[in-house]
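As the structure is a computational prediction, the values presented were derived from the model and not from experiment. The basis for the numbers below is simple: all heavy atoms, side chains too, and nothing from hydrogens, waters or symmetry mates.
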Amino acid sequence: MLLGNVFLCDENHKSVQGKGSKKLSRPPCMSCSEDVCKCRDQTLFDSVMGDGRWLFREFVVYESSQCYPEYVITYTRV
């Protein structure tokens with residue numbers, strides 16, 4: 001998985017920069033941290049990482065070219 005420039009969210013879906021974001025339909029803008037913005041020069045993050053007090057981290061990519069499934073790993077949560 002290639003993440004590139006990652007937008008970090010905590011367990012309350014707030015970005016590390018302190019701005020709230022709910023559901024992201026696309027990667028947020030690097031200037032205003034909003035997924036729907038009116039910035040003149042929209043430079044978007046490449047991916048989103050949800051990181052909180054969970055047992056896992058969630059990685060979201062929006063382009064299929066960022067994923068290369070070479071192995072499939074399955075596991076059972078104990």
C67 side chain near V61 side chain, heavy-atom distance below 4.5 Å: yes
So, using side chain to side chain contact (heavy atoms under 4.5 Å, CB included) as the criterion, who are the partners of V60 when residues are at least two apart? V48, E58, Y62
To the closest 0.5 Å, what do you measure between CZ (F45) and CG (L3)? 12.5 Å
Are M30 and L44 connected, step by step, through hydrophobic side chains (Ile, Leu, Val, Met, Phe, Trp, Tyr) whose heavy atoms are closer than 4.5 Å? no
Residue Q66 excluded, over 12 heavy atoms near CD under 6.0 Å: yes
Shortest non-hydrogen separation from L8 to M49 and the atoms involved: CD2-CE, 3.0 Å
Heavy-atom pair with the smallest gap, counting every atom of D41 and S31: O-OG, 4.4 Å
Report, one line per pair, each donor and acceptor closer than 3.5 Å where one atom sits in a side chain of residues 71-78; sequence neighbours left out.
none

Partners passing side chain to side chain donor-acceptor pair (under 3.5 Å) against Q42 (at least two apart in sequence or in another chain): R26
